[in-house]
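Every number for a ligand or one of its atoms is a count from 1 in the order of the listing.
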Amino acid sequence: MLILVSNDDGIHSEGLRLLGESLRSLGEVFIVAPDRERSAVGHSLTLDMPLRVKQVGDHLFAVNGTPTDCIALGVLGILKSKPGLVVSGINIGQNLGDDITYSGTVSAAMEAALLRIPSFAVSLVANGDYRFEAAAQFSRHLAQIIMKRPLPPDTLLNVNVPNLSPSDIKGVAITSLGRRHYSETVIVEKTDPRGKAYYWIGGGDYKWEYKEGTDIEAINKNMISVTPLHLDLTDYKLAEKMKRWSIGFNPTER
Ligand code: MN
C-alpha cells in the first residue's frame, strides 16, 4: 500500500521524519512536504505562482507550496497511484479545539479526505523538549486500525499526543473539539524604530473552556486525544430553524 506523509512544519522537521519512519513497515511511504515552515496557513491552495517539486531524497519531495498543495501534488502527480492512507504530522505543537481551523497540519488531512483517501493528522502537545516517540508509535498503531476498519467518507481524525514517554501515557480518549476563551486582547501593538505601529496576533493569554469529553480534557489527563472530524460543516439544526425565519429577498429597482 502507498502511504503519503506530509506536514506544515516543513521538509526538515524531525516530527515528519520520525512519522515517515514509523509507517515504513506498513507500506511504501512517500513524503511530500513544504520546503519551509508553513504553520497556520490553513487549507490554502497556491494559485498565484508556479509550484516546483524537488526530490531531496529517496521517496522524499519538497514543494514550494502549502500542505494542501503537497497533498494535491502528491496524490495527483508524484505518486504512481492513489495512496491508501495520508498522515500529516507529527506537528510540533498542539492542534486542539479551535486551532484546527488555522492548522496546515489538519488541512493536509482534510485535503486527503476531500480526495476520498483515509487520513489523520497528528500533533505533539509541547512547547519544547520534544518527545516524538509516543506520537510516532501511536501513529503506526492507528494506521493499522484504519487499514482494517476504513473511515466513513468525508471524515478524518485529529490526533493530539501528550509530550510524555510512551509508558507515561494514560490511554486513548475519543473526544470532541474544545473551545478556548481569550482573557485579554490577542492583538499586541508595538512601535517600530520609525515610529509606526505594527501588530502581532496571538500574544494574549487564553483559557480553555472546561467541558467534559473534549480533546483538551484528554490532554490534561495525559491521554492521547482522537477527534473524528467531518468535512460537512453545515449546522443542520440551525438550518431547520432558519427555514422558519422566512428570509425573503425582494429586489428593488434602482
Ligand atoms: Mn506546524
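Here the protein contributes Asp8 OD1, Asp9 OD1, Ser39 OG, Asn91 OD1 as N, O or S atoms under 2.8 Å from the Mn ion (ligand 1).
For the pair Thr227 and Asp215, the tightest heavy-atom approach, listed with the atom from each and the gap, is OG1-CB, 3.9 Å.
Using modelled atom types and a 3.5 Å distance limit, the side chains of Asp232 and Tyr236 yield a donor-acceptor pair.
Taking the side chain as every heavy atom from C-beta outward, Pro162 and Ile224 approach each other to under 4.5 Å.
Separating the NE2 atom in His141 from the CD1 atom in Ile146 is a distance of 10.5 Å, to the nearest 0.5 Å.
No continuous path of ILVMFWY side-chain contacts below 4.5 Å connects Ile100 to Val226, so the two sit in separate hydrophobic clusters.
When hydrophobic residues (I, L, V, M, F, W, Y) are linked wherever their side-chain heavy atoms come within less than 4.5 Å, the members clustered with Leu76 are Leu2, Leu4, Phe30, Val32, Leu51, Val53, Phe61, Val63, Ile71, Leu73, Val75, Ile78, Leu79, Val86, Leu115, Ile117.
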